[in-house]
Chemist: 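Once you've had a glance at the structure underneath, I'll fire off some questions.
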Protein chains: 2
Amino acid sequence: MTDEENRFSPETRALMGVFALYWKMDAVIDQTLLTPQMGRLEGRVLLQLDQPRRMGALAQLLLTGPPSVTAAADRLQNMGLVRRAPDPDDRRALVLQLTEQGWEMRRQLEAGASALFRQVSGLSDDEIKQFAALSMKIHDTITGTGEILKDPSQTGDKE
Amino acid sequence: MTDEENRFSPETRALMGVFALYWKMDAVIDQTLLTPQMGRLEGRVLLQLDQPRRMGALAQLLLTGPPSVTAAADRLQNMGLVRRAPDPDDRRALVLQLTEQGWEMRRQLEAGASALFRQVSGLSDDEIKQFAALSMKIHDTITGTGEILKDPSQTGDKE
DNA sequence: CATGAATATTTCATTTTATGAAGTAATTTG
DNA sequence: CAAATTACTTCATAAAATGAAATATTCATG
């Protein structure tokens with residue numbers, strides 16, 4: 001770490017790397033890994049579908065509104081990557097699940113992103129492991145709780 | 001780390017955390033830290049303006065096209081947060097620099113994001129420092145080189 | 001030093017994408 | 001069983017990204 005960079009707080013330094021990494025990955029993934037008919041949101045939906053999920057659950061996970069999920073699901077369905085199935089527990093609801101082709105696409109996406117991460121991050125295998133451990137901790141905090149903020153209006157309910 | 005999560009490669013685990021963190025931060029920042037008239041791109045421009053930068057340099061840093069930077073600069077200028085100044089080295093070029101108000105806004109943004117990071121990451125002070133060190137390494141690899149990819153058509157030139 | 005090619009930015013038209021309000025169907029409440 | 005709520009979709013609208021062309025300046029070259 002250079003002196004230049006020491007003037008930033010640890011939090012800021014953490015964010016600088018995360019943001020740079022995300023934007024770089026996002027741009028390259030969009031250009032190389034995603035088919036032209038597939039936008040960023042569709043990619044994110046694919047990644048969340050490691051298990052069947054309800055449309056509403058996806059909207060909540062992706063921090064977006066139901067109409068966006070509907071649109072993304074439509075496009076993915078047209079590409080044959082996902083299928084809408086009725087939710088046995090609630091006949092209003094639909095679960096989105098990957099087709100065989102969808103799994104293949106998702107696998108490719110994950111593999112491509114992993115390879116890209118190695119290239120772009122420049123970390124050694126050992127550093128990647130360290131980074132992964134901390135990163136996973138963050139992941140669990142975010143997905144596990146969701147209600148970190150003090151303001152109750154921000155804790156997941158949008159309507 | 002749970003057994004559940006062990007089935008993912010270190011690279012994937014690294015990315016899961018980074019993506020979750022980014023999306024969460026992005027959403028909350030947009031809702032709370034940015035003024036309504038200010039979009040995500042404007043926020044990113046502000047963060048890059050720790051020093052005056054040319055419009056083109058910003059486009060390259062932000063991985064977007066010149067028209068987007070022009071539009072963002074227009075909006076920020078209308079809010080009184082930035083100023084366009086002629087580049088002494090090249091009369092075609094303009095450098096964008098923060099006004100006093102812009103610095104204040106940027107400071108707020110950085111402080112707000114840092115505080116938010118503490119909350120959502122759930123890491124201890126010590127873990128934050130570790131994470132920051134690795135994260136900064138990634139940051140330097142990305143910003144320092146830019147030409148990591150093998151394919152020459154992807155190494156920064158868009159036209 | 002004049003001319004053509006390249007570069008920096010902007011403008012404009014177009015397409016994508018996100019957002020909000022209303023609509024339909026099913027569930028829950030009382 | 002009626003009213004209120006919830007899940008999803010549709011549609012209209014607003015916001016954002018993208019590409020092509022225009023202007024001004026610089027650079028390369030003969």
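First the proteins, then the strands, lettered A, B, ... as listed; each starts at 1.
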Chemist: Can you measure B:Asp74 atom CG to D:dA17 atom C1' for me and round it to whole angstrom units?
Modeler: 15 Å
Chemist: May I ask you to test the A:Glu42-A:Leu81 pair for a side-chain heavy-atom distance under 4.5 Å?
Modeler: no
Chemist: Under the ring-ring contact (aromatic ring centres under 6.0 Å, His included) test, which residues partner B:Phe117, sequence neighbours left out?
Modeler: none
Chemist: Whole angstrom is fine here: how far is it from CD in A:Gln60 over to P in D:dT6?
Modeler: 13 Å
Chemist: Measure up the B:Tyr22 and A:Phe19 rings against each other and bin them: parallel (under 30°), tilted (30 to 60°), perpendicular (over 60°).
Modeler: perpendicular
Chemist: Do the side chains of A:Arg107 and A:Glu104 get close enough for a salt bridge, i.e. N-O under 4.0 angstrom?
Modeler: yes
Chemist: Sugar-phosphate means primed atoms, P, OP1 and OP2; the rest is base. With that split, encode nucleotides 18-30 of chain C 5' to 3' as B, S or - using protein heavy atoms under 4.0 Å.
Modeler: -BBB---BBS---
Chemist: Taking the side chain as everything from C-beta on, heavy atoms only, tell me whether B:Ile138 gets closer than 4.5 Å to A:Val120.
Modeler: no
Chemist: Rounding to an integer number of Å, can you tell me how far A:Leu94 CG sits from D:dT6 P?
Modeler: 18 Å
Chemist: Rounded off to whole Å, could you give me the CG-to-P distance for the A:Asp87 and D:dC8 pair?
Modeler: 8 Å
Chemist: Could you check how far CD of A:Gln31 sits from P of D:dA17, rounded to whole Å?
Modeler: 15 Å
Chemist: Verify, without hydrogens or angle tests, whether A:Arg83 (side chain) and A:Thr99 (backbone) share a donor-acceptor contact under 3.5 angstrom.
Modeler: no
Chemist: Measure from CG on B:Leu62 to P on D:dT18 and round the result to the nearest Å.
Modeler: 12 Å
Chemist: Between B:Asp125 and B:Arg118, does any side-chain N to carboxylate O distance fall below 4.0 Å?
Modeler: yes
Chemist: Do B:Asp74 and B:Arg84 sit within salt-bridge range, that is, some charged N less than 4.0 Å from a carboxylate O?
Modeler: yes
Chemist: For the helix from C:dC1-D:dG30 to C:dG30-D:dC1, figure out the bend between the end axes, five pairs an end, and round to 10 degrees.
Modeler: 30°
Chemist: How about CD on A:Glu100, more than 12 heavy atoms from neighbouring residues, nucleotides or ligands closer than 6.0 Å, or not?
Modeler: no
Chemist: Specify the separation, in whole Å, of atom CG of A:Leu58 and atom C1' of D:dT9.
Modeler: 15 Å
Chemist: With a 4.0 Å limit, can you tell me whether B:Arg84 has a side-chain N or O closer than that to the phosphate oxygens OP1/OP2 of C:dT10?
Modeler: yes
Chemist: Take the protein atom CG of A:Leu76 and the nucleotide atom P of C:dT17, then report the distance between them rounded to whole Å.
Modeler: 12 Å
